[in-house]
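The next block holds one structure in the form of structure tokens; read it before the comments.
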Amino acid sequence: MKKLTLFAIGLLVAGFATAQTADEIVDGYFEATGGYDAWDNIQNLRITAKVNQGGLEIPLVVVNMKDGRQFTKFTVQGNDFMQGVFDGETLWSTNFQSTKAEKADAESTANQKLEANDFPSDLFNYKDKGYTLELEGEETIEGTEAHKLKLTKEPITVDGEEVEDVVYFFFDKESNVLLAQEESIVQGPQKGAIAQTVFSDYDEVEGVYFPFSITQGIKGVGMQPLIIDSIEANVEIDETMFAFPEEAGE
């Protein structure tokens, strides 16, 4: 596995270091991390990781498929809990209290269908998806000067109302490597807060460089590292993992 340092990325995209347009910055990022063809060849991703909750280390597996299917599996005290499982039509999760599989409501399912074309990245072929991209200016991310890009996607529905779906991306000004992304939380108890994810420590997987250090949480409140054990691409996935359990009923 090859490691891509910020310095190495900077050399690869030296020609883009002074880029002033959003498209030049995004093109520089994809080219530096493998190239559009390599990204397009990624059929699925499987991330094996751990999170720490109150001193308890919880293993998890995240699977995303090119056709939009996905699932996250948590293992707690020997029991597996499926979260955010989407088979292309049905969105479901395991209830942590009852341990039973439950289907999501129609609104959440419709919103998930909109997200299904965002593999392997929201920014990949964004114009084909009907999204718009703007260069918003500059910000500092953990001491590094970054370009701030605003991606406006298809609106989602929250409590019956259409809500703008916007993600902000922050790219190192010198290397164009993706440093972070942010988006507003639009529902639930943390509505109005900013969800932030910070990326670093890029390594090569199947010809594409992915961040092996990911920290996420609420901006200005608290961040939690995702301890990544492995990232695999184009692996065999058990197709039955996506299906809603028949014994759970409707």
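Here the closest heavy-atom approach between residue Glu183 and residue Asp165 is recorded as OE1-OD1, 4.3 Å. Of all heavy-atom pairs between Gly68 and Phe86, the closest is O-CD2, 3.4 Å. Between Ala180 and Ile141 the shortest heavy-atom distance is CB-CG2, 4.1 Å. Taking both residues in full, the closest heavy atoms of Thr109 and Ala104 are given as OG1-O, 3.8 Å, listed atom of the first, atom of the second, then distance. Looking at every heavy atom in both residues, Asn64 comes nearest to Phe119 through O-CE1, 3.5 Å. Of all non-hydrogen atoms in Val166 and Lys150, the two that sit nearest each other are CG1-CG, 3.7 Å.
Remark: side-chain polar atoms of Asn176 are not paired, donor with acceptor, to backbone N or O of Val26 under 3.5 angstrom. Although no hydrogens or angles enter the test, the distance criterion places no donor-acceptor pair under 3.5 Å between the side chain of Lys153 and the main chain of Tyr126. Of the possible polar contacts, one joining the Asp172 side chain to the Ser175 backbone as a donor-acceptor pair under 3.5 Å is found.
For Glu145, the CD atom sits in a loose shell: 12 or fewer heavy atoms of surrounding residues, nucleotides or ligands are nearer than 6.0 Å.
The closest side-chain heavy-atom distance from Tyr202 to Leu178 is below 4.5 Å. Side-chain contact between Thr144 and Glu142: absent, with no pair of heavy atoms (C-beta onward) separated by less than 4.5 Å. Residues Leu123 and Tyr131 fail the side-chain proximity criterion, which asks for heavy atoms closer than 4.5 Å. Ser230 places none of its side-chain heavy atoms less than 4.5 Å from the side chain of Ile47.
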N/O donor to acceptor pairs below 3.5 angstrom from side-chain atoms of residues 234-244, sequence neighbours left out:
residue	atom	partner	partner atom	Å
Asn234	OD1	Gln43	N	2.6
Asn234	ND2	Asn41	O	3.4
Asp238	OD1	Thr240	N	3.1
Asp238	OD1	Thr240	OG1	2.7
Asp238	OD2	Thr240	OG1	3.0
Glu239	OE1	Arg69	NH1	2.4
Glu239	OE1	Arg69	NH2	3.4

Without placing hydrogens or testing angles, list every side-chain donor-acceptor pair under 3.5 Å for residues 71-85, not counting sequence neighbours.
residue	atom	partner	partner atom	Å
Thr75	OG1	Asp80	OD1	2.9
Gln83	NE2	Thr94	O	2.7

Kindly list each side-chain donor-acceptor pair under 3.5 angstrom involving residues 213-228, sequence neighbours excluded, with atom names and distances?
residue	atom	partner	partner atom	Å
Ser213	OG	Ser200	OG	3.4
Lys219	NZ	Glu182	OE1	3.4
Lys219	NZ	Glu182	OE2	3.0
Gln224	NE2	Asn52	O	2.3

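Aromatic pair Trp39/Phe210: ring centres closer than 6.0 Å.
Separation of atoms NZ (Lys148) and CD1 (Ile25) is listed at 13.0 Å; rounding is to 0.5 Å. Here the CD atom belonging to Gln112 is positioned 5.5 Å from the CG atom belonging to Leu91, to the nearest 0.5 angstrom. The distance from the CG atom of Asp67 to the CG atom of Asn117 is 11.5 Å, given to the nearest 0.5 Å. Atoms CD and CZ, on Gln181 and Phe169 in that order, are 4.5 Å from each other to the nearest 0.5 Å. The CZ atom of Phe170 sits 10.5 Å away from the OG1 atom of Thr140 when rounded to the nearest 0.5 Å.
Taking the six-membered ring where the residue is Trp, Tyr36 and Phe30 present tilted rings, their angle falling between 30° and 60°.
Ile231 and Val198 fall into different hydrophobic clusters, where Ile, Leu, Val, Met, Phe, Trp and Tyr side chains are chained together by heavy-atom contacts under 4.5 Å. When hydrophobic clusters are built by joining Ile, Leu, Val, Met, Phe, Trp and Tyr residues whose side-chain heavy atoms come closer than 4.5 Å, directly or via intermediates, Val167 is grouped together with Phe171. The same ILVMFWY cluster, assembled from side-chain heavy atoms under 4.5 Å apart, contains both Val62 and Phe199. Val186 and Leu151 fall into different hydrophobic clusters, where Ile, Leu, Val, Met, Phe, Trp and Tyr residues are linked whenever their side-chain heavy atoms come under 4.5 Å apart, directly or through other members.
A salt bridge links Lys129 to Asp118: one of the charged nitrogens lies within less than 4.0 Å of a carboxylate oxygen.
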Quick one: do Glu206 and Glu232 satisfy side chain to side chain contact (heavy atoms under 4.5 Å, CB included)? Show the steps, please.
CA-CA 8 Å; Glu206 290 288 310; Glu232 304 166 279; over 6 Å; no
